[in-house]
Structures are given as structure tokens and as C-alpha cells.
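To start, the structure under review is shown below, and the notes come after it.
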There are 2 protein chains.
Amino acid sequence: MTEEIDLPAEVTLLWGLRETARRGRKPSLTVADITRAAVEVADAEGLGAVSMAKVAERLGNATMALYRYVKSKNDLLLLMADAAIGPAPALPEGLEWREGLTVWVRRVLAVLRARPWVVQIPISGPPVGPNNLSWFDRALGALGGTGLSEEEKVGVVMGLLTYVQGEARLSLDLSTGYRENPEAFGRQYGLALARVVDPLRFPALSRVVTSGVFDGEVPYDDEVDGMFGLTLYLDGVAALIGRAEA
Amino acid sequence: MTEEIDLPAEVTLLWGLRETARRGRKPSLTVADITRAAVEVADAEGLGAVSMAKVAERLGNATMALYRYVKSKNDLLLLMADAAIGPAPALPEGLEWREGLTVWVRRVLAVLRARPWVVQIPISGPPVGPNNLSWFDRALGALGGTGLSEEEKVGVVMGLLTYVQGEARLSLDLSTGYRENPEAFGRQYGLALARVVDPLRFPALSRVVTSGVFDGEVPYDDEVDGMFGLTLYLDGVAALIGRAEA
DNA sequence: GCTTAAAAGCGTAGGTCATACGCATAGGTG
DNA sequence: CACCTATGCGTATGACCTACGCTTTTAAGC
């Protein structure tokens with residue numbers, strides 16, 4: 001059994017599979033400690049405030065000590081992205097696929113709303129962290145009763161994840177901007193568009209603006225039921241499942 | 001006519017509506033010059049290489065000169081995000097909504113593929129730049145023949161934009177990771193998952209892994225037709241339009 | 001044409017950041 | 001007990017954004 005060959009560094013990092021040192025001084029920290037401290041900083045002051053110095057200070061260590069456990073700050077961000085979402089709870093048994101995915105989306109959004117900085121972490125590869133995989137697994141499980149092939153399930157879930165992350169990113173960025181500059185949003189947005197949108201240059205958009213869609217508050221939906229695009233996507237999944245069953 | 005009241009700073013910046021100075025030295029630069037130089041840097045060396053110093057150097061000016069034209073680097077990023085995508089070309093006449101949106105998505109992806117750094121710029125508010133609005137307008141126009149309300153059209157287009165941006169971001173990040181570390185992807189990903197995914201802990205995912213879906217290359221679709229999630233979303237839109245017509 | 005003030009240019013410098021390097025130190029291993 | 005290895009940590013470097021203040025240029029008003 002040659003099991004220890006060639007696992008990408010990212011994987012061994014996220015799964016805590018570093019070979020344990022048998023010689024030398026004992027480590028005073030663990031990767032999990034560092035990750036937890038970094039998450040605390042991000043929770044308190046945002047992702048921008050996460051610096052190696054600040055994380056180390058919170059742990060009572062010197063800045064450079066962290067580099068004994070993490071190759072770079074990017075490594076730390078990867079660890080944070082996995083740790084912050086936690087393991088996915090099991091879905092209730094016996095749900096139809098659509099109910100199951102809706103519950104799943106609601107939970108994803110709840111997690112991302114609690115830690116808005118997660119969606120700001122740049123992604124550099126396919127998901128490999130244990131928590132990420134557990135969320136992936138739950139969504140796949142929700143499609144268990146359908147007649148979809150494994151490949152189709154993967155496509156459905158990846159698309160859903162993409163959509164939800166994009167939606168969360170947009171809506172969280174908007175709410176951040178709103179918090180920083182409240183009077184510029186809401187009615188102001190519609191007014192600004194009305195001032196700037198030339199009916200000749202932007203005919204379709206102009207019709208929308210004059211119809212008053214933008215005059216109210218910025219929609220800013222955190223409710224799943226209000227997520228118009230999600231409904232459309234799930235309708236598309238329903239059509240696919242219908243075709244698969246026919 | 002009180003036209004000059006209360007436009008958000010962001011809007012006047014993006015539309016070049018600053019009041020022209022009547023006193024003092026003449027500016028040797030324009031906001032457009034600065035934006036163009038910054039875009040050139042990003043094209044050549046990536047978004048991370050865009051610094052005020054480097055942009056100023058390319059323009060033959062001192063670093064601090066730029067702050068006479070932009071309030072902060074964030075302002076410059078906003079300008080870049082709008083300038084980089086260019087104005088949206090008009091869609092061919094007489095297309096069905098689905099054909100029109102598909103062409104539109106293909107063009108969006110072509111633009112984002114040409115300038116991958118655009119999707120890395122953090123968003124801080126709803127779109128107000130002229131080029132962003134023109135893209136928005138074209139997509140709305142593609143839905144002209146349908147019976148959807150203006151509000152529904154906005155929802156459909158915003159969802160589509162969210163999805164396409166998310167998909168582009170993911171796929172571009174993956175291809176970046178692939179370029180930096182080719183041997184870790186492709187078959188390696190499937191192998192790593194197989195090593196790490198416990199059937200008891202991740203039952204649904206385990207089924208997918210053993211079915212061999214991940215054993216090939218990472219899909220990495222740039223083709224619209226290969227974008228599984230997009231098809232699902234447009235199917236959902238079709239269902240909505242069908243309901244609206246009935 | 002002369003004065004004046006507003007605005008642009010630019011150098012300096014402060015603060016923060018990631019991280020490379022070298023040396024001291026502690027704790028298994030032989 | 002001696003050695004070797006891996007960690008702890010201070011220093012240092014280079015890059016970054018941007019606040020500040022002085023100088024220079026230009027147009028407006030008399």
C-alpha cells in the first residue's frame with residue numbers, strides 16, 4: 001500500500017495530514033489554533049484586518065512563528081475558508097429534492113450571512129477541504145431520489161453553489177455599501193439612474209427606470225423565497241429531472 | 001432646473017461629471033488617461049500589480065499626482081471595472097429571447113476571458129458605470145419580445161449576471177490554479193478525493209467519486225453550451241415566460 | 001499688466017503589510 | 001551525555017497606500 005504518495009500540499013494542509021515531527025522542539029501551536037484565531041479576527045474586524053501580525057499577537061506568539069505551520073498567508077486563507085463554514089448538518093430525511101435543496105440553500109446563506117468575509121476569499125482551486133466537501137455531499141444527497149446521473153447531479157450542485165455564492169457576494173457587498181453610505185442607496189439609486197440614463201442610448205433600461213422598479217429600496221433579499229434567480233434555476237432543474245424521468 | 005444636486009460621488013466619477021476648475025494650474029492628466037494606464041498594467045501583469053506608483057510611472061507622473069483625480073485606489077478600481085468591459089455591442093435584430101441571451105452571455109464571457117482580473121475587483125454597490133449599464137441594457141432588450149413585466153426582466157437579468165460572473169470567476173480561478181500547478185489538477189483531483197472521501201462520512205459524494213466523474217480532466221468549460229448551470233437557468237426563464245404567456 | 005488666490009505637482013515620510021534570513025534554544029535520539 | 005533537528009523569534013527588506021506641506025503654475029479681478 002503506497003498511500004502517502006503525491007497528495008497535493010493543499011490537501012494535506014486542509015486535512016491536517018502533515019507528518020508529525022519526531023525530533024526537535026515541540027510545537028506550541030497547532031494549525032487549528034492559528035485558524036481559529038484568524039477566524040476570530042475576521043469575525044471581529046473583517047477579512048481586511050487579518051494580518052499575520054495580528055493573528056500572531058492574539059495567540060501570544062511572534063509573527064514569524066506562524067510560518068512554521070502555514071506556508072503563506074494564502075494557506076491561512078484557505079484554512080479559514082474551510083473552517084468558517086463548519087461541517088454541513090444532515091438534511092431532514094424524506095424531503096423531496098426541491099425542498100431539500102431549498103433548505104440547503106437557506107443554510108448556506110445563513111452561514112455566509114454570519115461570516116460575510118468568506119465570500120471575499122479568493123478561490124484557487126476545486127474544493128478539497130473537509131467542510132466544503134461535507135456541504136457538497138449534502139446537496140448531492142438531496143438529489144438522491146431523482147433519476148439524474150452522477151454527472152448531472154454534480155453539474156446541478158456546482159451550478160447551484162456558483163449561483164448562491166454569487167448572489168451572497170453581491171447582496172453582502174451591497175449591504176456593506178449600504179451600511180457605509182446609507183443615503184446614497186435606496187431612492188438615490190433610482191434617482192441617479194434617472195438622471196444618467198439616456199433613453200436613446202439605453203432604451204430598454206430607460207423603460208425599466210421610468211417604470212419605477214428602482215424607485216423603492218434596493219431589494220436586498222436575504223430570504224430564499226425572494227431570491228428570484230434561485231427559483232428560476234430550480235425550475236430548470238425540475239425540467240431536467242422531468243426529462244430524465246420521461 | 002436644479003440638476004446638479006446630490007449625485008453620489010461614485011456616479012459623477014464614473015460619468016466624468018466633475019466640475020471643471022476655472023482657476024489654477026491646468027491638469028496634465030485626465031481620469032481617462034489614468035484609467036487606461038491602470039488597465040494596461042492589469043492586462044500585462046494582473047490586478048495585483050496595479051499600484052498607484054506603477055500607474056503613475058507609466059504616465060510619467062509622480063505617484064501622488066493621481067490623487068488629484070481619484071480619491072483613493074478603490075476609486076481607480078471602480079473606473080477600471082467599468083472601462084475594462086467596454087460598451088456592449090448591440091445584439092442582432094430579430095433574435096428570440098433565448099438566442100439573444102445566449103449570444104449576450106457568450107460576449108460577456110469573451111470579455112471576461114480577455115481580462116480575467118475584472119472579476120477580482122470587489123464590488124461595493126449597484127452598477128452605475130456607463131459600460132456596465134449598457135451591458136445591462138442589452139440583456140434587458142433581449143427580453144423585449146416576452147410578456148414579462150419590467151420587474152421580472154430585471155430579476156432575470158440580475159440573476160443571469162450573477163450566475164455568469166460567478167461561473168467566470170470560478171472557471172478563471174481554476175484555470176489560474178491550473179496554470180500555476182498543472183500536475184495537481186486533472187486526474188490528481190479525482191485521486192485526491194478518492195483518498196480522502198470516507199464513504200461513511202460523505203456517502204453521496206463517495207458515490208460520485210467512485211463513479212469516476214472526477215477522474216477525467218477538470219471540465220473547465222468556456223463554451224456556453226457546456227455551461228450546464230446556464231442551461232438550467234434559461235430553462236427556468238422559459239418556464240417563467242410560459243407562465244406569463246398563459 | 002499686476003496682484004491674488006486657487007489648484008496642480010511633487011518629495012517626504014509614516015504606518016502597515018508579507019515574508020526571507022539568521023541565530024538561539026529546546027527536546028528527542030543515539 | 002552529546003548531537004541533530006525543528007521550532008521560536010528578532011531583525012530587516014521591500015512594497016504598498018496615502019496624509020501633509022511646500023512649490024509652481026495659471027486664470028480671474030482690478
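Convention: sequence-line order gives letters A, B, ...; per-chain numbering from 1. Since the structure is predicted, the reported quantities are computational estimates derived from the model, not experimental observations.
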In whole Å, what is the span from the [atom1] atom of [X] to the [atom2] atom of [N]?
| X | N | atom1 | atom2 | value |
| --- | --- | --- | --- | --- |
| B:Leu66 | D:dC17 | CG | C1' | 12 Å |
| B:Ile34 | C:dG9 | CD1 | P | 9 Å |
| A:Tyr67 | D:dT11 | OH | P | 18 Å |
| B:Leu29 | C:dG9 | CG | C1' | 10 Å |

Please test B:Leu170 against A:Gln165 for side-chain contact (heavy atoms from CB on, under 4.5 Å), starting from the C-alpha separation and ending with a verdict. CA-CA 10 Å; B:Leu170 189 64; A:Gln165 284 221 16; over 6 Å; no
What are the residues of residues 41-65 of chain A, sorted by number, that bring a heavy atom to within less than 4.0 Å of DNA chain D? A:Asn61, A:Ala62, A:Met64
Taking salt bridge (charged side-chain N to carboxylate O under 4.0 Å, His left out) as the definition, give me every residue that meets it alongside A:Arg58, ordered by chain and number, with sequence neighbours left out. A:Glu40
Does A:Arg68 place a side-chain N or O at less than 4.0 Å from the phosphate oxygens OP1/OP2 of D:dG8? no
Selection from C:dA18, D:dT18, D:dT7 that lies nearest to any side-chain heavy atom of A:Tyr69: D:dT7
I'd like to check A:Trp117 versus A:Val50 (side-chain heavy atoms, cut-off strictly below 4.5 Å). Are they in contact? no
Heavy-atom side-chain contact between A:Pro130 and B:Arg201 under 4.5 Å: yes
B:Glu57 atom CD, neighbour heavy-atom count above 12 within 6.0 Å: no
Exercise answer: donor-acceptor pairs, residues 81-89 of chain B side-chain atoms, under 3.5 Å, sequence neighbours excluded:
{"unit_1": "B:Asp82", "atom_1": "OD1", "unit_2": "B:Asn131", "atom_2": "N", "d": "3.4"}
{"unit_1": "B:Asp82", "atom_1": "OD1", "unit_2": "B:Asn132", "atom_2": "N", "d": "3.0"}
{"unit_1": "B:Asp82", "atom_1": "OD1", "unit_2": "B:Asn132", "atom_2": "ND2", "d": "3.0"}
{"unit_1": "B:Asp82", "atom_1": "OD2", "unit_2": "B:Asn131", "atom_2": "N", "d": "3.1"}

